[in-house]
Student: 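Before we start, here is the structure in question, set down as structure tokens.
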Amino acid sequence: MKQVIAAIKGTRDFYPENMAIRAWLYETIKTISQRYGYQEYEGPFLEPIELYAAKSGEELVKEQSFVFPDRSGELITLRPELTPTLARMVAQRQKQLIFPLRWWSFGPFWRYEKPQKGRSREFFQWNIDLIGLNTPEADAELLSVIVSFFKLVGLSSAQVKIFINDRKLMEDQLNQLGIPPERRSAVFRLIDRKEKMEFKEWQAYAQEEGLNTSQINGIVNLLQNTELWQTSPNLIRIFQALENESASDYIEFDPNIIRGLDYYTSTVFEAKDIGGTVRRSILGGGRYDDLLAAVGGDPLPAVGFAMGDVVISLILQEYGCIPANIYAHPAKVLVTTFSNDTLSHSLKLAHHLREKGVNVITYPEPVNLNKQLKYADRVKIPYAIILGPDEIAIDRFALKSLSSGEQIQLAWDEIDTKLLPLLVGERDS
RNA sequence: GUGCCAGUAGCUCAAUUGGCAGAGCAUCGCACUGUGGAUGCGAGGGUUGUGGGUUCGAGACCCAUCUGGCACCCCA
């Protein structure tokens with residue numbers, strides 16, 4: 001094979017079979033978002049770097065964003081996340097928008113990461129946010145959206161789970177241990193790594209961060225205390241709200257959940273594959289009550305989450321949740337071509353059927369029928385129409401079912417009554 | 001950005017201590033030029049990711065590089 005120019009590292013080519021999955025995922029996300037009354041929106045893919053600078057977290061902006069100068073020298077960022085854009089869009093029209101505001105989006109994002117399974121440099125993300133409410137029941141609504149999505153695609157609570165925590169709860173606990181607020185982000189990082197390190201290593205790391213033995217032990221106890229949520233009025237009300245809709249099976253308190261983005265203020269959550277092999281988190285989100293003020297708007301409470309397409313697609317494939325019929329066939333019928341002399345008859349019939357709303361493929365080269373039928377079979381077109389001199393002579397055409405092999409002769413005036421019922425209906429992809 | 005592993009036909013993989021690059025599936029042709037899936041026969045297909053080096057000789061060894069995977073880092 002000749003040299004093909006390679007794709008950009010970490011990008012994906014969506015061949016039709018992959019595109020069908022992406023489109024199906026989009027439709028599923030749209031269905032769920034709309035079921036809860038959320039409206040679709042979209043922002044620019046290019047943003048000024050300042051939008052993210054102070055709000056998203058050092059690492060995300062400095063290490064993981066695609067940033068380059070445009071022709072005037074201004075630094076342009078390929079958006080690594082949507083929430084700051086959303087905050088800006090809301091702040092710009094804060095006086096005219098109607099709150100509470102429910103918006104969702106599904107679009108591309110870029111992060112300069114090392115590509116591996118479940119992680120690419122260009123990916124799609126479902127973002128959904130509820131702005132203008134600061135009740136725990138608003139947080140519960142977003143969690144309910146997630147559970148509904150999992151149920152719709154067929155993921156059980158034995159396969160995926162949402163782990164939830166409250167940063168305020170953790171901050172109170174750290175205060176009680178005598179850890180001052182300015183140490184908090186370092187200690188949050190410490191908590192984040194606890195699971196990944198050997199205990200002794202982690203202990204040493206904690207000492208380096210300036211924690212004394214009783215503080216370290218206090219944190220260890222904290223992270224093992226699965227009943228801690230009962231001291232959080234916020235989490236209690238969230239769990240209560242979710243009891244109304246049999247979502248509780250999917251949701252579990254986990255004091256280890258902290259999350260990397262700096263703008264979360266209270267509830268934080270993350271969904272994971274617990275029954276399978278995919279280690280990365282499926283989605284993450286939480287409450288961010290200060291972000292609107294930070295981008296120049298009036299203060300507004302908000303809660304939301306983001307789900308990337310890469311991990312969820314892997315998991316859906318792993319559990320066999322992707323319907324087989326989403327990439328069924330490119331058309332309902334192939335109108336074959338017998339010879340150059342009969343070509344116009346075939347094209348005319350094909351056009352007639354298309355005007356009736358049928359998805360039709362023609363074979364604009366009179367190769368032998370053998371080949372044409374084999375083609376139809378291989379691309380899974382369910383019917384073939386054969387229109388040779390014999391049929392033309394009696395003003396009819398033959399319809400062959402590729403699944404049964406049966407063939408019938410039809411007259412043109414039987415198209416509406418006999419042919420269309422077979423060919424219209426089930427969606428082609 | 002760090003460490004480790006891998007890359008051979010369209011796909012999945014083989015090739016003994018460094019000694020003639022192969023198989024299955026797929027493709028194409030024929031049996032079967034007015035009927036697909038099955039079967040049989042035959043054919044085409046490769047700068048072994050790329051670029052250097054060692055060697056009489058490299059798919060294999062060495063260096064660099066690209067791409068992917070695993071563990072970090074981070075996160076959707």
Side-chain angles (χ1 to χ4, degrees), chain A residues 1-12 25 29 56-65 79-83 105-128 146 189 192-193 195-197 201 257-262 268-273 277-285 304-315 334 336-339 342 363 366-393 397-407:
Chain A
M1 191 169 67
K2 284 178 192 151
Q3 294 263 345
V4 177
I5 295 170
I8 299 290
K9 180 175 180 164
T11 62
R12 291 167 296 163
L25 187 63
I29 283 167
S56 301
E58 292 284 301
E59 177 99 20
L60 183 58
V61 181
K62 288 186 180 160
E63 312 286 342
Q64 297 189 330
S65 293
R79 61 179 190 184
E81 59 157 339
L82 190 59
T83 306
S105 179
F106 183 82
F109 296 86
W110 294 265
R111 287 187 197 173
Y112 198 82
E113 294 205 69
K114 186 153 183 166
Q116 31 186 299
K117 194 175 179 185
R119 209 90 316 187
S120 57
R121 287 184 171 182
E122 182 179 62
F123 56 94
F124 285 78
Q125 210 181 51
W126 176 25
N127 279 265
I128 180 163
I146 299 171
R189 276 181 67 82
D192 225 23
R193 293 208 202 165
E195 304 268 274
K196 289 169 181 167
M197 297 173 86
E201 241 182 307
I257 299 296
I258 290 296
R259 307 206 40 78
L261 295 173
D262 289 342
V268 284
F269 52 85
E270 203 169 307
K272 289 179 180 170
D273 175 19
T277 59
V278 183
R279 285 278 159 263
R280 294 175 184 285
S281 64
I282 300 168
L283 58 85
F305 70 85
M307 179 183 82
D309 71 310
V310 185
V311 172
I312 190 69
S313 298
L314 281 171
I315 287 169
L334 174 75
T336 62
T337 304
F338 184 79
S339 68
T342 67
Y363 210 108
V367 297
N368 55 32
L369 277 178
N370 218 324
K371 214 169 179 177
Q372 298 184 50
L373 290 171
K374 188 168 183 172
Y375 170 80
D377 189 50
R378 296 208 57 200
V379 300
K380 298 186 169 60
I381 300 172
Y383 293 95
I385 283 175
I386 295 154
L387 196 52
D390 297 349
E391 287 82 9
I392 291 169
F397 57 86
L399 177 75
K400 183 182 176 88
S401 161
L402 278 293
S403 55
S404 69
E406 280 172 32
Q407 189 166 323

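Order of the sequence lines fixes the chain letters, A, B, ..., with proteins taken first and strands second; residue numbering starts at 1 for each chain. All heavy atoms count here, side chains included; hydrogens, waters and symmetry mates do not.
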Student: Categorize A:K114 for me: base, sugar-phosphate, or nothing, with a 4.0 angstrom heavy-atom threshold over every strand shown.
Tutor: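 Since a base atom lies under 4.0 Å of A:K114, the category is base.
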Student: So, the side chain of A:Q407 versus the backbone of A:A398: is there a donor-acceptor pair under 3.5 Å, distance only?
Tutor: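 A pair under 3.5 Å: no.
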Student: Quick one: does A:R111's side chain have a donor or acceptor within less than 3.5 Å of a partner on A:Q64's backbone?
Tutor: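 No, A:R111 side chain to A:Q64 backbone: no donor-acceptor pair under 3.5 Å.
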Student: Here's a test of your reading of the structure: between A:G308 and A:P115, which maps to the more 5' nucleotide of RNA chain B?
Tutor: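 Per heavy-atom nearest nucleotide, the more 5' residue is A:P115.
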Student: Quick one: label A:G284 by what it contacts on the DNA or RNA (base, sugar-phosphate, nothing), any heavy atom closer than 4.0 Å.
Tutor: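 If one applies the 4.0 Å heavy-atom cut-off, A:G284 turns out to touch the sugar-phosphate alone, with no base involved.
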Student: Does the side chain of A:V367 come within less than 4.5 Å of A:Y375's, by heavy atoms?
Tutor: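 The answer is no; the side chains never approach within 4.5 Å.
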Student: Using whole Å, report how far CG of A:N370 lies from P of B:U27.
Tutor: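 Rounded to whole Å, this separation is 13 Å.
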Student: With rounding to whole Å, what would you report as the distance between B:U8 and B:U2 at their C1' atoms?
Tutor: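 Looking at atom C1' only, B:U8 and B:U2 are 30 Å apart.
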Student: Identify whether any heavy atom of A:S120 sits under 4.0 Å from a base atom; if not, whether one sits that close to sugar-phosphate; answer base, sugar-phosphate or nothing.
Tutor: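 If one applies the 4.0 Å heavy-atom cut-off, A:S120 turns out to touch a base.
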Student: Are any of the side-chain heavy atoms of A:V310 and A:R280 separated by less than 4.5 Å?
Tutor: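 The answer is no; the side chains never approach within 4.5 Å.
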Student: As a test of your reading of the structure, name each stem of RNA chain B as range with range, where a stem is three or more consecutive Watson-Crick or G-U pairs at under 3.5 Å.
Tutor: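 RNA chain B forms these stems: B:1-7 with B:66-72, B:10-13 with B:22-25, B:27-31 with B:39-43, B:49-53 with B:61-65.
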Student: Identify which nucleotide among B:G36, B:G34, B:G68 has an atom closest to any side-chain atom of A:K9, counting heavy atoms from C-beta outward.
Tutor: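 Between B:G36, B:G34, B:G68, the one nearest the side chain of A:K9 would be B:G68.
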Student: Taking only the side-chain heavy atoms of A:L373 (C-beta and beyond), determine which of B:G29, B:G36, B:C70 contains the nearest atom.
Tutor: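 So the nucleotide nearest the side chain must be B:G36.
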Student: Holding to side-chain hydrogen bond (donor to acceptor under 3.5 Å, both in side chains), I want the full list of residues that pass it with A:R121, two or more places apart in sequence or in another chain.
Tutor: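 Applying side-chain hydrogen bond (donor to acceptor under 3.5 Å, both in side chains) to A:R121 gives none.
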Student: So A:I282, base contact, sugar-phosphate only, or nothing? Heavy-atom distance under 4.0 Å.
Tutor: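 Sugar-phosphate contact only.
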Student: Base, sugar-phosphate alone, or nothing: which one does A:A376 contact when heavy atoms must sit under 4.0 Å apart?
Tutor: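 No contact.
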Student: Taking atom CD1 of A:I312 and atom CG of A:L283, what is their separation to the nearest 0.5 Å?
Tutor: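 A:I312 atom CD1 to A:L283 atom CG measures 7.5 Å (nearest 0.5 Å).
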Student: Mind checking A:D309 for me? I need base, sugar-phosphate or nothing, with any heavy atom below 4.0 Å counting as a touch.
Tutor: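 Counting heavy atoms under 4.0 Å across all strands, no contact is made by A:D309.
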Student: Provide the distance between the two P atoms, one in B:C5 and one in B:A9, to the nearest whole Å.
Tutor: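 That atom pair is separated by 23 Å.
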Student: Using whole Å, what does the distance between atom P of nucleotide B:G68 and atom CD of A:E113 come to?
Tutor: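 So the two atoms are 13 Å apart, to the nearest Å.
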Student: Between the base of B:U35 and the side chain of A:Q407, is there a donor and acceptor pair under 3.5 angstrom?
Tutor: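 Per atom types, the contact qualifies.
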Student: Start at the 5' end of RNA chain B and walk down; is the nucleotide closest to A:N368 or to A:R378 reached first?
Tutor: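 The residue whose closest nucleotide sits nearer the 5' end is A:R378.
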Student: What is the distance, rounded to the nearest whole Å, between atom NZ of A:K117 and atom C1' of B:U67?
Tutor: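 Taking NZ of A:K117 and C1' of B:U67, I get 18 Å after rounding.
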Student: Evaluate the side-chain proximity of A:T336 to A:L387: yes if any heavy-atom separation is below 4.5 Å, no if none is.
Tutor: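 They are not in side-chain contact.
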Student: To the side chain of A:R189, which of B:G36, B:C74, B:G34 is closest?
Tutor: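 When the side chain of A:R189 is considered, B:C74 is the closest of B:G36, B:C74, B:G34.
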Student: Of the candidate nucleotides B:G29, B:G34, B:G69, which contains the atom at the shortest distance from the side chain of A:L369?
Tutor: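 Given the options B:G29, B:G34, B:G69, the side chain of A:L369 is closest to B:G34.
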Student: Round to the nearest Å and state the distance from A:Y363 atom OH to B:U33 atom P.
Tutor: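 From A:Y363 OH to B:U33 P: 16 Å.
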Student: For the pair A:F106 and A:F124, name the ring-plane relationship: parallel under 30°, tilted 30 to 60°, perpendicular over 60°.
Tutor: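 Rings of A:F106 and A:F124: parallel, as their planes differ by under 30°.
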Student: Is there a side-chain contact between A:E391 and A:T342 in this structure, where contact means two heavy atoms from C-beta onward sitting under 4.5 Å apart?
Tutor: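 No. Closest side-chain heavy atoms not under 4.5 Å.
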Student: Could you tell me how far B:A60 sits from B:A43 if I compare only their C1' atoms? Round to whole Å.
Tutor: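 Their C1' atoms lie roughly 31 Å apart.
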Student: Give A:F338 one of three labels, base, sugar-phosphate or nothing, depending on what nucleic acid heavy atoms sit under 4.0 Å from its own.
Tutor: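 Result for A:F338 = base.
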Student: Taking atom C1' of B:C74 as reference, at what distance in whole Å does atom CD of A:E81 sit?
Tutor: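 So the two atoms are 13 Å apart, to the nearest Å.
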Student: Of the options B:A26, B:G34, B:G1, whose atoms approach the side-chain atoms of A:Y112 most closely?
Tutor: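 Looking only at heavy atoms from C-beta outward on A:Y112, the closest nucleotide is B:G1.
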Student: On a whole-Å scale, what distance lies between the C1' atoms belonging to B:A15 and B:G46?
Tutor: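 These two C1' atoms come out 15 Å apart once rounded.
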Student: Identify whether any heavy atom of A:G285 sits under 4.0 Å from a base atom; if not, whether one sits that close to sugar-phosphate; answer base, sugar-phosphate or nothing.
Tutor: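 If one applies the 4.0 Å heavy-atom cut-off, A:G285 turns out to touch nothing in the nucleic acid.
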Student: P atom, B:G57 versus B:A21: distance in rounded Å?
Tutor: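 So the two P atoms sit 15 Å from each other.
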Student: Mind calculating the distance between NZ (A:K380) and C1' (B:G36) to the nearest angstrom?
Tutor: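 Going from A:K380 (NZ) to B:G36 (C1'), I get 13 Å.
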Student: Counting distance alone, no hydrogens or angles: does the base of B:U35 have a donor or acceptor under 3.5 Å from a partner atom on the side chain of A:K400?
Tutor: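 Side chain to base: pair found, below 3.5 Å.
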Student: What nucleic acid atoms does A:S313 come within less than 4.0 Å of, heavy atoms only: base, sugar-phosphate, or nothing?
Tutor: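 Answer is nothing: A:S313 stays at 4.0 Å or more from every strand.
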Student: Taking any heavy-atom pair under 4.0 Å as a contact, classify A:I386: base, sugar-phosphate, or nothing.
Tutor: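 Base: the residue A:I386, judged by heavy atoms under 4.0 Å, touches a nucleobase.
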Student: Base, sugar-phosphate, or nothing for A:E391, non-hydrogen atoms under 4.0 angstrom?
Tutor: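 Counting heavy atoms under 4.0 Å across all strands, the contact made by A:E391 includes a base.
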Student: Roughly how many Å is it from NZ in A:K374 to C1' in B:G29, rounded to a whole number?
Tutor: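 The answer, rounded to whole Å, is 11 Å.
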Student: Choose from B:G36, B:C74, B:G69 the nucleotide whose nearest atom is closest to any side-chain atom of A:D377.
Tutor: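 Shortest atom-to-atom distance from the side chain points to B:G36.
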Student: Is the shortest heavy-atom distance from the side chain of A:Q125 to the side chain of A:S105 under 4.5 Å?
Tutor: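 When only atoms from C-beta onward are counted, A:S105 and A:Q125 do not touch, as no gap falls below 4.5 Å.
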Student: Write down the distance between CG (A:L402) and C1' (B:U35), rounded to a whole number of angstrom.
Tutor: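 Taking CG of A:L402 and C1' of B:U35, I get 10 Å after rounding.
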